[in-house]
Amino acid sequence: MPKAGFFTLGCKLNFSETSTIGKQFLEHGYDIVDFKEKADVYVINTCTVTQFADRDCRQVVRRAQRTNPDAYIIVTGCYAQLKPEEITRIEGVDAVVGSNEKFKLFDLIGNFEKQELSCTFVTPTDKLTDFYSSYSTDADARTRAFLKVQDGCDYKCSFCTIPLARGKSRSAQPEEVLENFNRLLDEGYKEIILTGVNVGDYGRYINTDLYSLLLKMLDTNRDFRLRISSIEPNLLEDRIIELTANDERMCNHFHIPLQSGNTDMLRAMQRRYKAEYYAELVHKIKSKIPDAGIGVDVIVGFPGETEEEFRKTYDFINKLPVSYLHVFTYSERPDTKAILMDGVVPVGERRERNNMLRILSAKKRSHFYNENLGKSAEVLFEADNHDGMMKGFASNYIRVAIPYDNNLVNKIKKVKITSSDGELCYAENLTVENNNIAV
């Protein structure tokens, strides 16, 4: 059998799309191998969020070449969509495939035979109107699956290239989502994470919305739970919060991008809310769902961010009852408004600010974990054996470990959290199996 290896850079959406491309190779008689192994075809799915897209892509291409100099190498994804000419100049690349074409490899390329020159298949971004369904899964453990429901973005954040790489916002039809959702449940997955470029924008242009989709997915008595991967603060509606508070199948967890705790910075970033609104939203969630886990995206070193303004962001986040941070160091991206702005922050200063917020994130996580000591939690356990321990995520995204028990794999079980080391909570199982009845 011919062999194919895959490497994914970037977000969970990219992982779900790589998984779907992999399924196509399986259907065409390929054996899927680890990227480190020798393969006949390598597919590299790229990202363009940071300034290191070019470097990362080159490194992965070289890695594939070292493993098999004769392999056919395909580069696709956001970086391929934005900078196809740059990628064709990377030695060893045989095909550059854009966002619209990544799911048509067998139609476009065929036998994957190396040619003297690279091939380029890229549709202009303003023509990216099709939606391609995808989902990524853990085929061994069958616990969590990322289901793509939305793509593209209509927002014009001044630092972001994603709309240039992904095109306008578009959504899967509800029937298509439900078909994939039920397929995943049939295959045994217990947690479905909804993903996309801007998940909260689901339904725009097709006369529906995310809340309506959630209701359709919850209209079944099957054993599962739903998690929203990330949602913009201005799109997190009160009715979604209420639904999460009232239906235990909705995970008590929201990941809500902030980017800056300073309203002036948010305005420069062309975000669609003020810092005060964000704070009110977080407190509203905690008032209705006290145990909710709340994750925050934040960018440091954006042009014009003075030391005083960074301190405002630090103090703003420090006062909020959030659970953890994803900290991004601002990097200049071509064709964005931010690259032309004054007040460039030195790279060293950006890194120092990043480190400060990462330390704050560790403190926030530790505090949140300690708040849950002595409480019960519903945890979906995974198959991996970590030196006699098994791990899983609670509904509120706390990472929990208990002594390994193969009978608990891919089951949602109630545990009591007994201790924490700041990175992990330890618990005791509150359920025992007796004639298939949990007591």
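Note that the structure is predicted; figures quoted are calculated from it, not measured. Sequential numbering from 1 along the given sequence is applied to the chain's residues.
- Pairing each heavy atom of Gly98 with each of Val122, the nearest pair is N-CG2, 3.8 Å.
- In this structure a side-chain-to-backbone donor-acceptor pair under 3.5 Å is present from Ser118 to Val93.
- Partners of Phe328 by side-chain contact (heavy atoms from CB on, under 4.5 Å), not counting sequence neighbours, listed by chain and number: Asp297, Ile299, His326.
- Ion pairing between Arg183 and Asp186 fails under the 4.0 Å rule for side-chain N and carboxylate O.
- In this structure, the side chain of Ser134 does not engage the main chain of Thr20 through any donor-acceptor pair within 3.5 Å.
- No side-chain N or O of Thr143 forms a donor-acceptor pair with one of Asn410 less than 3.5 Å apart.
- Qualifying salt bridge (charged side-chain N to carboxylate O under 4.0 Å, His left out) partners for Glu371, counting only residues two or more places apart in sequence or in other chains: none.
- Side-chain N/O atoms of Asn45 and Thr18 include a donor and acceptor closer than 3.5 Å.
- Contact annotation: the side chain of Val199 approaches that of Ser229 to within less than 4.5 Å [non-hydrogen atoms, C-beta and beyond].
- A donor-acceptor pair under 3.5 Å is formed between the side chain of Thr244 and the backbone N or O of Ile240.
- Asp56 contributes atom CG, which lies 8.5 Å from atom SG of Cys47 (distance to the nearest 0.5 angstrom).
- Applying the side chain to side chain donor-acceptor pair (under 3.5 Å) test to pairs two or more places apart or on separate chains, those with a residue in residues 335-350 are Gln270-Lys337, Glu332-Arg350, Glu349-Arg353.
- Ion pairing between a basic and an acidic side chain is recognised when a charged N comes within 4.0 Å of a carboxylate O; Glu232 and Arg272 show no such pairing.
- Within the structure, ring-ring contact (aromatic ring centres under 6.0 Å, His included) pairs that include any residue of residues 201-229 comprise Phe181-Phe224 (at least two apart or interchain).
- For the pair Ala275 and Gly261, the tightest heavy-atom approach, listed with the atom from each and the gap, is CB-O, 3.5 Å.
- Every pair passing ring-ring contact (aromatic ring centres under 6.0 Å, His included) that includes a residue from residues 382-422 is listed here, sequence neighbours excluded: His253-Tyr397, Tyr324-Tyr397, Phe393-Tyr397.
- Among Lys391, Lys190, Arg144, Arg399, the one residue that satisfies the salt bridge (Lys or Arg N to Asp or Glu O under 4.0 Å) test with Glu382 is Arg399.
- With hydrogens and angles disregarded, no donor-acceptor distance shorter than 3.5 Å links the side chain of Ser16 to the backbone of Lys148.
- Within a 6.0 Å sphere centred on NZ of Lys12, heavy atoms belonging to other residues, nucleotides or ligands number 12 at most.
- Between Arg239 and Asp209 the shortest side-chain heavy-atom distance falls below 4.5 Å.
- At distances below 3.5 Å, at least one donor-acceptor pair connects side-chain atoms of Gln81 with backbone N or O atoms of Thr123.
- Remark: Arg333 fails to qualify as a cation-pi partner of Phe159 under the 6.0 Å distance and 45° angle criteria applied to the six-membered ring.
- Side-chain contact of Asn354 with Thr329: a donor-acceptor pair under 3.5 Å is present, judged by distance alone.
- A salt bridge links Arg249 with Asp247; the closest basic N to acidic carboxylate O contact falls under 4.0 Å.
- For Phe6, the ring pair (Phe, Tyr, Trp, His ring centres under 6.0 Å) criterion is met by Phe25, not counting sequence neighbours.
- A salt bridge is defined here as a Lys NZ or Arg NE, NH1 or NH2 lying under 4.0 Å from an Asp or Glu carboxylate O, and Lys312 with Asp315 fails to meet this definition.
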Check the pair Asp405 / Lys413 against salt bridge (Lys or Arg N to Asp or Glu O under 4.0 Å), numbers first and verdict last.
CA-CA 12 Å; Asp405 182 347; Lys413 291 296 181 183; over 6 Å; no

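- Between the CD1 atom of Ile192 and the CG atom of Leu147 there is a distance of 7.0 Å, given to the nearest 0.5 Å.
- No side-chain donor-acceptor contact under 3.5 Å links Lys216 and Ser212.
- A heavy-atom distance below 4.5 Å is not found between the side chains of Phe381 and Lys411.
- In this structure, the side chain to side chain donor-acceptor pair (under 3.5 Å) partners of Asp421, at least two apart in sequence or on a different chain, are Tyr426.
- Considering every non-hydrogen atom in both Pro84 and Thr120, the closest pair reads CB-CG2, 3.9 Å.
- Residue Leu408 forms a side chain to side chain contact (heavy atoms under 4.5 Å, CB included) with just one option from Val415, Ile402, Leu380, and that option is Ile402.
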Quick one: do Arg166 and Glu17 satisfy salt bridge (Lys or Arg N to Asp or Glu O under 4.0 Å)? Show the steps, please.
CA-CA 13 Å; Arg166 289 277 184 173; Glu17 292 179 339; 2.8 Å; yes

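- With contacts defined as side-chain heavy-atom distances shorter than 4.5 Å, the pair Leu236/Ile256 qualifies.
- Listed by chain and residue number, Asp238 satisfy the side chain to side chain donor-acceptor pair (under 3.5 Å) test with Lys284 (two or more places apart in sequence, or in another chain).
- Between Arg365 and Leu325, the closest side-chain pair of non-hydrogen atoms is not below 4.5 Å.
- When the salt bridge (charged side-chain N to carboxylate O under 4.0 Å, His left out) test is applied to Glu276, no partner is found at least two apart in sequence or on another chain.
- In summary, the aromatic rings of Phe35 and Tyr42 are positioned with their centroids under 6.0 Å apart.
- The shortest non-hydrogen separation linking Cys57 to Leu9 is N-CD1, 4.4 Å.
- For residues 268-313, the pairs satisfying ring-ring contact (aromatic ring centres under 6.0 Å, His included) are Phe302-Tyr330, with sequence neighbours left out.
- In terms of heavy-atom proximity, Arg271 sits nearest to Cys157 at NH1-SG, 3.3 Å.
- Remark: the backbone N or O of Glu309 is paired with a side-chain donor or acceptor of Thr306 at under 3.5 angstrom.
- Put simply, CE on Met217 and CG on Asp219 are 12.0 Å apart, with the number rounded to the nearest 0.5 Å.
- Between Asp154 and Lys168 there is no salt bridge, since none of the side-chain N atoms of the basic residue sits less than 4.0 Å from a carboxylate O of the acidic one.
- The backbone N or O of Ala292 sits less than 3.5 Å from a side-chain atom of Lys286, completing a donor-acceptor pair.
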I would like to know whether Lys104 and Asp107 meet salt bridge (Lys or Arg N to Asp or Glu O under 4.0 Å); could you show each step before the answer?
CA-CA 5 Å; Lys104 306 174 184 177; Asp107 294 331; over 6 Å; no

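- In this structure, CG on Leu218 lies 6.5 Å from CG on Leu215, to the nearest 0.5 angstrom.
- Atom CZ of Arg311 has 12 or fewer heavy atoms from other residues, nucleotides or ligands within 6.0 Å.
- Contacts of Arg358 classified as salt bridge (charged side-chain N to carboxylate O under 4.0 Å, His left out), with partners at least two apart in sequence or in another chain: none.
- Evaluation of the side chain to side chain donor-acceptor pair (under 3.5 Å) rule for Asp223 yields no partner, not counting sequence neighbours.
- Between Ile206 and Ala172 the shortest heavy-atom distance is CD1-O, 3.5 Å.
- One N or O on the side chain of Gln150 and one on the backbone of Asn198 form a donor-acceptor pair closer than 3.5 Å.
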